[in-house]
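Here's the structure we're looking at; comments come further down.
To find a chain, count down the sequence lines: A is the first, B the second, and so on, and within it residues start at 1. Worth saying up front: this structure is predicted, and the values here are computed from it rather than measured.
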Amino acid sequence: MTTIDATPPSTNQKAAVNPRRRVYRPNTKYIPILATLALLIVMYVSGIANYRNFDQPSVVVNLFRDNAVLLVVTVGMTFVILTGGIDLSVGAVISLTTTLTATLLQGGWPPLLVLPLVLLLGALLGAGMGAVIHYFKVEPFIATLAGLFLARGLALFINQESIPIRDKLWTTLSDMRIPLGEHTRTTPTAVVALSAVLIAAAVLAWTRFGRNVYAIGGSADSALLMGLPVARTRIAVYTVSGFCAALGGVLYTINSTSGHALQGSGTELDAIASCVIGGVLLTGGAGYVFGSLLGVLVYGMIGTIINFQGDLNSAWTRIVVGILLFGFILLQRLVTRRAR
Amino acid sequence: MGEPTTKPVLEMTGIRKVFPGVVALDGVDFRLFPGEVHALMGENGAGKSTLIKVLTGVYDIDGGDILLGGDEVHIAGPLAAQKAGISTVYQEVNLCTNLTVAENIFIGREPRTFGKIRWGVIRKRAAELLERLDLNIDVSAPLSTYSLAIQQMVAIARAVDISARVVILDEPTSSLDASEVEQLFRVMRRLKADGVAILFVSHFLDQIYEISDRLTVLRNGQLIGEYRTAELPQVQLVEKMIGKELATLEGLEDKALRSRTKSAAAEPILQAKGVGRTGAIAPFDLTIHRGEVVGLAGLLGSGRTELARLLFGADKADTGELSIDGKPVTLRDPQVAMRRGIAFSSENRRTEGIIGDLSVRENIILALQAARGWTRPIPRRKQDEIVEKYIKALQIRPADPERPVRNLSGGNQQKVLLARWLITEPRLLIIDEPTRGIDVGAKAEIQKLVAELSDGGMAVLFVSAELEEVLRLSHKIAVLRDRRLIEELDNGAGVDAERIMQTIASGQTASGATS
Amino acid sequence: MTILKNRLFWPAAILLALLIVNVFTSNQFITLQDGHLFGTLIDILRGSAPLILVSLGMTLVISTGGIDLSVGSVMAISGAVACLLIKDLGNQNAVGSVLLIMAVAIAVSAALGLWNGSLVAIVGIQPIIATLILMVAGRGLAQLITAGQIINVQSSPYATIATGFFLTLPVAFLIALAAIGLIAVLTRRTALGLLLESVGGSPSASRLAGIQAKRITVMVYVVSGALAGLAGLIYSANIKSADSIYAGNLIELDAILAVVIGGTALIGGRFSILGTVLGAVLIQTLQVTVVGIGVPSKATLLFKAVVVVVLCLSQSVTFREKVFGRFKSRPAVRAEVPA
Amino acid sequence: GCGDKGDDTGSGGGGDGKLVLGFSQVGAESGWRTANTKSIQDAATAAGYELKFSDAQGKQEKQIEAIRSFITQKVDVIAFSPVVTSGWDAVLKEAKDADIPVILTDRAVDSQDKTLYKTFLGSDFVKEGKEAGNWLVKQYEGKTDPVNVVELQGTVGAAPAIDRQKGFAEAIATNPNIKIVKSQSGNFTRAEGKTVMEGILQSTPKIDVLYAHNDDMGLGAIEAIEAAGKKPGTDIKIITVDAVKDGMTALSEGKINFIVECSPLLGPQLMDLAKKVKAGDTVDQRILTVETTFTQEQAKAALPDRKY
Ligand SMILES: Nc1ncnc2c1ncn2[C@@H]1O[C@H](COP(=O)(O)OP(=O)(O)OP(=O)(O)O)[C@@H](O)[C@H]1O
Ligand SMILES: Nc1ncnc2c1ncn2[C@@H]1O[C@H](COP(=O)(O)OP(=O)(O)OP(=O)(O)O)[C@@H](O)[C@H]1O
Ligand SMILES: [Mg+2]
Ligand SMILES: [Mg+2]
């Protein structure tokens with residue numbers, strides 16, 4: 001540092017408009033979400049144009065009701081995927097929760113004990129998987145697959161049959177309707193699911209834990225070197241996911257007033273797909289819960305359209321689901337690519 | 001720069017660290033006093049970064065003790081280190097590029113009310129902090145939108161803002177240019193005055209002599225000694241680092257290479273006419289001839305990297321015409337450029353250079369193999385031959401071709417990258433910060449190599465934050481400012497650092513009028 | 001000591017343990033009968049062929065950092081196409097025609113792989129979603145081809161690929177062996193393996209090194225599709241019918257598991273063909289063992305869970321260190337950092 | 001107490017006055033099920049009804065979703081084959097509140113409130129299991145040798161699997177000589193039926209009887225038995241459930257000994273019922289499908305007219 005005088009570069013810093021300032025661009029990070037939302041609305045409007053009674057408010061309300069479980073599970077999954085992990089066990093945790101809840105309630109356990117118990121169990125299972133993943137450096141895929149086998153295995157072991165729930169609290173919740181408008185009412189399950197989304201969004205945006213989730217997803221090594229609590233955070237996201245899955249299971253039992261060891265199977269894939277459709281990157285570090293919410297709604301909307309179509313046999317149902325999904329993703333790509 | 005009278009804030013004794021197959025540290029002692037800048041010196045792979053990682057608990061030690069403020073401690077990890085008052089910038093920029101600049105500075109210690117992060121405060125304070133380092137950027141943009149040098153500054157900002165008793169800076173200046181380094185030193189001096197102990201690693205001897213009070217030299221994982229900087233002449237320091245007589249290092253002598261004459265009447269290899277890319281670099285004209293070394297000079301973020309990338313097709317140009325050997329080409333893809341004999345080594349070796357899981361051998365032959373296509377594998381014997389040759393030529397250590405490149409020291413990784421491109425025998429070699437993090441000895445070797453290659457007819461586009469290096473090697477220097485090529489100079493008599501800085505400074509009015 | 005450190009040591013040890021269990025539970029572990037080998041071991045080898053094939057393709061896909069969920073549906077389509085065509089043959093036992101039909105089915109599967117690969121590499125859709133589309137729609141296609149019914153065929157050359165024997169060994173296993181050999185040669189004797197690992201290890205660095213990642217990615221999905229198609233043929237030949245609903249159902253999960261057990265990381269990069277084969281055989285052996293020792297159906301999943309847990313823990317270096325490391329001498333206890 | 005929605009249910013869904021029937025199918029998990037779907041679709045066309053068909057892919061939540069969608073679409077009659085027995089009260093109440101009559105097909109629900117649905121048309125899985133067991137008991141009447149039975153179960157946890165196991169176990173309990181020595185799940189599929197049977201053959205010294213919860217698993221098992229050098233139907237007696245065409249063929253060829261029919265052809269009966277409940281006629285709470293059992297001789301006679 002003997003030759004160069006440092007004055008010239010520092011002089012231009014004081015220029016009125018800083019010439020070095022990077023070109024301002026509109027907030028590009030929200031473009032994917034906005035595009036997804038726009039496409040969802042297009043889908044809805046074309047549903048109204050094509051099908052009788054599609055314009056009923058209950059179509060929208062039911063979208064949230066019917067997908068309450070998926071929504072809650074997807075919220076948990078979003079946390080996991082944001083850290084770059086994956087949780088295959090969620091569907092099985094739903095199975096276990098519904099089976100256990102139904103069995104315990106049938107056995108006369110007090111409902112106010114059963115509820116926290118099953119939620120705790122889900123969270124513990126998640127924490128266990130998280131600990132194995134973090135401390136033993138086991139691939140999330142394989143650790144949570146073992147969790148899947150374990151949870152569903154336990155459920156089947158406890159009871160293979162479909163068990164009705166006749167508990168007062170559960171049936172009351174199940175029958176409860178929350179009026180939204182003149183002819184529209186919704187259920188507590190939908191409210192719980194939406195609250196989960198809001199809480200998760202707030203946690204991710206405004207808390208240290210939330211930001212650590214993103215940091216780990218960006219680069220776990222860097223996060224560690226930056227002195228972030230990687231172990232705690234990583235275990236926590238799997239705990240959140242386990243908790244959400246258990247909560248989803250509880251919502252399931254409320255929705256259907258029954259428990260069954262095969263309930264919720266395949267939910268993991270739906271949840272992962274919803275996250276990804278909503279713009280969450282599987283490699284971690286990018287995405288929003290609201291995106292995941294939109295992903296769930298897209299999924300639900302596809303189902304609704306197929307139900308309204310009503311003349312597809314199983315084969316065509318699958319094909320049309322595939323085509324709609326493809327069309328949606330393709331448009332989403334095109335729109336976001338343009339806008340960037 | 002007083003002799004430390006107080007007790008050391010940090011003391012490491014008999015530190016030993018063994019990786020499978022390498023003893024990275026072997027009984028190293030190290031002391032750090034409050035209010036001093038202590039330089040850690042050594043060749044690439046000497047063990048500097050390892051010592052730092054041992055200190056901050058990234059690695060468990062295999063032997064020895066660490067005393068912090070006189071107490072023996074076990075530091076479980078970077079989090080514990082930070083809590084114990086040790087703040088670190090690691091060698092490879094270790095930030096989360098998916099987060100914003102502001103967030104990278106404050107993550108883990110965000111100001112909050114009732115648990116809710118106060119984003120406004122964070123953005124404001126981050127901007128202020130960077131301002132103090134003379135950096136004026138949009139702090140709410142993702143870090144990935146900035147060049148490596150800026151990322152390095154952000155990492156520094158983060159480290160110095162954490163109130164710590166020990167600040168560790170592992171090669172923070174490797175891609176900074178003179179003015180940024182000056183800003184950094186200003187901050188370091190202030191910290192020092194506050195009684196903070198600073199551990200500083202750099203391969204620039206000038207910087208060491210400017211800022212450090214004392215220095216510790218490592219060689220091959222062993223402690224050579226602890227010295228007061230002022231009492232150790234530069235020549236002796238180098239001798240201690242490399243363990244050889246300086247005589248073998250004549251390449252270090254400044255201006256040794258620059259009097260070379262360009263072979264006359266060389267035909268142009270590459271011609272750019274009005275090539276540019278919106279948001280990255282304004283349209284520019286540039287011609288590169290056979291056997292010519294063209295240096296790019298400019299300040300941080302002036303667009304050197306962006307220019308180089310366009311010439312390789314790493315980014316697509318959206319205006320202008322490019323011709324190679326007189327024939328127009330569109331560089332859609334690096335592959336196209338490679339087929340025309342262009343090679344490009346990125347400044348960002350961690351994400352755009354090495355492939356960590358692969359071995360040294362595989363990393364070296366990668367580009368050559370890609371050029372041949374997958375159906376024509378390079379015979380293993382040939383691979384071994386080439387790799388061995390370059391391991392020797394570039395002094396890559398450890399000289400084990402089957403070691404995963406991830407486990408090499410930073411400087412050695414850089415050499416691997418260089419080797420990757422050299423073996424493709426390109427006609428135009430574009431190297432962006434090729435000497436980043438490379439020790440004095442190897443740097444001289446590389447410079448010599450570049451000179452030899454250009455004598456042999458290879459054209460080189462040479463990008464470096466170190467202006468002297470550009471001056472020493474180039475036949476022609478293109479000066480950039482604010483993402484605009486403002487002048488082309490033939491490197492001859494009368495061209496020196498001052499002249500170039502002047503060009504850059506005066507360019508201000510020119511660009512102010514045109515942009 | 002070095003064997004113990006090998007990633008594949010523990011899966012291999014567990015495989016061996018399961019095989020030993022089978023020696024005791026089965027009437028015949030391996031014997032010569034009707035001029036060919038027979039017994040539980042042979043059943044395992046034969047039964048694992050489809051999974052091996054699918055997992056091989058999956059290994060390549062995963063090595064580039066992708067994933068292929070559509071393999072099960074491709075299996076169903078391939079079997080459906082083959083059975084539909086064979087059923088309409090005048091002479092179902094005509095070897096030439098059956099071979100041609102099998103080639104057609106594999107070509108169809110490869111084309112489906114091309115579709116997947118294009119979505120991933122050219123359109124730029126995340127692999128999991130890109131292949132999910134075909135996973136869902138593909139099964140619908142298969143059902144459409146078979147009209148939702150099981151198509152029976154009576155073609156002995158077709159059945160041979162699943163149940164036949166050649167040189168006393170099951171043909172299905174020989175086909176799997178050939179595929180293993182082919183993939184091994186393709187990846188390790190050419191530079192393909194290196195390029196795959198490089199693309200998976202760092203896509204951006206690979207692009208700048210001049211590797212045509214797109215072309216390679218597409219190719220990998222095509223190979224995966226073709227191998228899944230072949231697996232589908234063996235699956236359907238085994239039951240001499242096309243079952244569009246269950247063929248390959250959930251096999252993607254087993255295949256991914258096999259790949260991961262084999263030491264290939266899901267994020268891409270280094271892959272091991274041998275490891276994958278070991279993983280696939282292990283999964284099949286586990287299936288057979290469950291039946292052999294008569295685990296009650298309701299406990300089957302729990303049993304599998306236990307094996308997978310043991311497996312993933314045993315493969316974890318840190319776990320082994322923490323459990324067995326206590327016996328090693330450790331540096332003196334150091335005090336905690338003062339907070 | 002849910003509110004009183006349904007002010008305009010009288011108008012029905014169809015604009016053209018056709019009867020609109022919403023049918024939610026379990027899925028397409030077998031050829032049996034596909035035949036069932038086809039029967040319903042054909043019968044609806046024949047009767048001139050508008051059919052809203054929805055496939056639940058074996059998931060209860062999808063079925064609930066479909067039923068709610070039918071309510072929104074204001075169909076005239078809802079019919080569905082429940083995936084599982086319990087958990088329908090809430091959604092059925094919604095249907096009731098909307099004044100849409102519900103018909104259960106194929107599988108029952110265990111709701112305590114029997115007014116939630118008009119009728120249940122379908123077979124009784126427990127009864128099917130019993131029929132299979134009774135036939136077996138009769139075969140070995142008066143013999144004292146132990147009879148080793150192997151059972152191939154359907155998908156673990158699925159209603160038909162549980163009930164067919166239960167019924168069978170009840171029936172054979174009358175003869176202590178008949179013992180189930182192995183019971184494994186073959187997932188209702190041919191391929192798994194085959195692999196599981198291979199394993200069982202390898203690990204079980206003496207097998208007299210095989211009871212498979214559906215034809216497909218039985219057919220897969222036959223392949224395994226033949227590969228092991230034994231004669232199905234002779235060395236090992238085989239009993240299955242369903243009576244799809246392939247099964248009947250094997251039965252007539254002597255490879256299976258007895259099949260309990262579980263008829264998928266509910267379409268015409270369903271349309272008939274739909275019309276009645278729409279008109280407000282009273283119908284029986286439980287209507288059994290016309291079903292029978294087949295021995296080898298009966299199969300030979302019935303095979304030519306077998307459609308599915
Ligand atoms: N994770 C690791 N695994 C194995 N070997 C390693 C690892 N990290 C470092 N090494 C080895 O330890 C030695 C010291 O490396 P270190 O990174 O400390 O060097 P350095 O002095 O920082 O060099 P440079 O100036 O190039 O940054 C090198 O030989 C390197 O190959
Ligand atoms: N104020 C700024 N100063 C510097 N770089 C900026 C600034 N704002 C944005 N950048 C980003 O930094 C990069 C600067 O371009 P480039 O990397 O080509 O410069 P360079 O001259 O090579 O500088 P460096 O020494 O930082 O590599 C661009 O990607 C640009 O988006
Ligand atoms: Mg270093
Ligand atoms: Mg640069």
Side-chain angles (χ1 to χ4, degrees), chain A residues 51-54 56 58-59 61-62 65-67 69-70 95 98 102 152 155-156 159-166 171 174-177 179 183-185 187 252-267 300 303-304 306-318, chain D residues 1-3 5 7 13-15 20 22-25 27-29 33-34 37-38 41 50-62 64-66 68-75 82-91 93-94 109-112 155-159 161-163 165:
Chain A
Y51 305 109
R52 214 161 50 212
N53 290 332
F54 204 93
Q56 299 242 333
S58 60
V59 167
V61 174
N62 282 351
R65 268 174 73 184
D66 293 330
N67 294 294
V69 175
L70 181 59
S95 314
T98 65
R152 176 138 317 120
L156 281 170
N159 203 333
Q160 293 188 38
E161 300 188 26
S162 141
I163 319 149
I165 295 177
R166 314 230 189 270
T171 47
S174 175
D175 289 340
M176 197 157 121
R177 293 292 176 273
H183 294 302
T184 33
R185 291 153 308 163
T187 51
Y252 210 125
T253 56
I254 290 173
N255 191 18
S256 71
T257 58
S258 78
H260 183 38
L262 295 185
Q263 270 170 348
S265 53
T267 308
T304 310
I306 292 206
N307 275 333
F308 270 81
Q309 179 68 30
D311 59 356
L312 304 173
N313 63 15
S314 312
W316 277 107
T317 300
R318 288 170 197 272
Chain D
C2 316
K5 187 190 166 189
D7 19 19
V20 184
F23 182 75
S24 166
Q25 180 62 286
E29 76 279 10
R33 190 60 67 189
T34 316
T37 302
K38 195 154 183 313
Q41 283 172 329
E50 183 181 340
L51 180 69
K52 289 278 174 193
F53 179 84
S54 165
D55 177 279
Q57 290 163 25
K59 293 182 182 166
Q60 185 178 20
E61 70 263 32
K62 288 231 160 117
I64 293 179
E65 186 182 324
R68 285 199 188 126
S69 170
F70 292 150
I71 297 173
T72 305
Q73 293 181 54
K74 298 181 179 157
V75 299
V83 176
V84 291
T85 49
S86 60
W88 303 100
D89 293 11
V91 70
K93 250 178 242 166
E94 281 173 47
V109 302
D110 67 357
S111 184
Q112 285 174 331
T155 308
V156 184
I162 297 171
D163 290 350
Q165 182 179 23

Quiz item: Should we say atom NZ of K59(D) is surrounded by more than 12 heavy atoms from elsewhere, each under 6.0 Å from it?
Solution: yes
Quiz item: Do S95(A) and Q263(A) have side-chain N/O donor and acceptor atoms under 3.5 Å apart?
Solution: no
Quiz item: Looking just at side-chain N and O atoms, do S86(D) and S162(A) make a donor-acceptor pair shorter than 3.5 Å?
Solution: yes
Self-check item: Residue part contacting chain A, namely of L51(D), when any heavy atom lies under 4.5 Å
Solution: backbone
Self-check item: Residues E50(D) and K74(D) bridged, charged N to O under 4.0 Å
Solution: no
Practice problem: Check whether E161(A) gets within reach of chain D through its side chain, its backbone, both or neither, counting any heavy atom under 4.5 Å. | Solution: both
Quiz item: For N255(A), is it the side chain, the backbone, both, or neither that has a heavy atom closer than 4.5 Å to a heavy atom of chain D?
Solution: both
Practice problem: Sort out for me which of T253(A), D311(A), N313(A) touches chain D most, counting heavy-atom pairs under 4.5 Å. | Solution: N313(A)
Quiz item: So, T72(D) versus Q56(A): side-chain donor-acceptor pair below 3.5 Å or not?
Solution: no
Exercise. With a 4.5 angstrom heavy-atom cut-off, could you sort out which part of V91(D) is near chain A: side chain, backbone, both or neither?
Key: neither
Exercise. Go through the atoms of L312(A) and report whether side chain, backbone, both or neither lie under 4.5 Å from a heavy atom of chain D.
Key: backbone
Exercise. For chain D, find which of V59(A), L70(A), I163(A) contributes the most heavy-atom pairs closer than 4.5 angstrom.
Key: I163(A)
Exercise. Identify which part of Q41(D) has an atom lying under 4.5 Å from any heavy atom of chain A, answering side chain, backbone, both or neither.
Key: side chain
Quiz item: Going by distance alone, is a donor N or O of one side chain under 3.5 Å from an acceptor N or O of the other, for S54(D) and N307(A)?
Solution: yes
Quiz item: Any Lys/Arg nitrogen of R177(A) or E94(D) sitting under 4.0 Å from an Asp/Glu carboxylate oxygen of the other?
Solution: yes
Self-check item: chain D contact via R65(A) - side chain, backbone, both or neither, heavy atoms under 4.5 Å
Solution: both
Exercise. Side chain from CB out, backbone as N, CA, C, O: work out which of these in Y51(A) comes under 4.5 Å of a heavy atom of chain D, or both, or neither.
Key: neither
Exercise. Heavy atoms only, distances under 4.5 angstrom: which of R68(D), K52(D), Q112(D) has the most pairs with chain A? Name it, please.
Key: R68(D)
Practice problem: Would you tell me whether D55(D) and T317(A) have side-chain atoms, one donor and one acceptor, within less than 3.5 Å of each other? | Solution: no
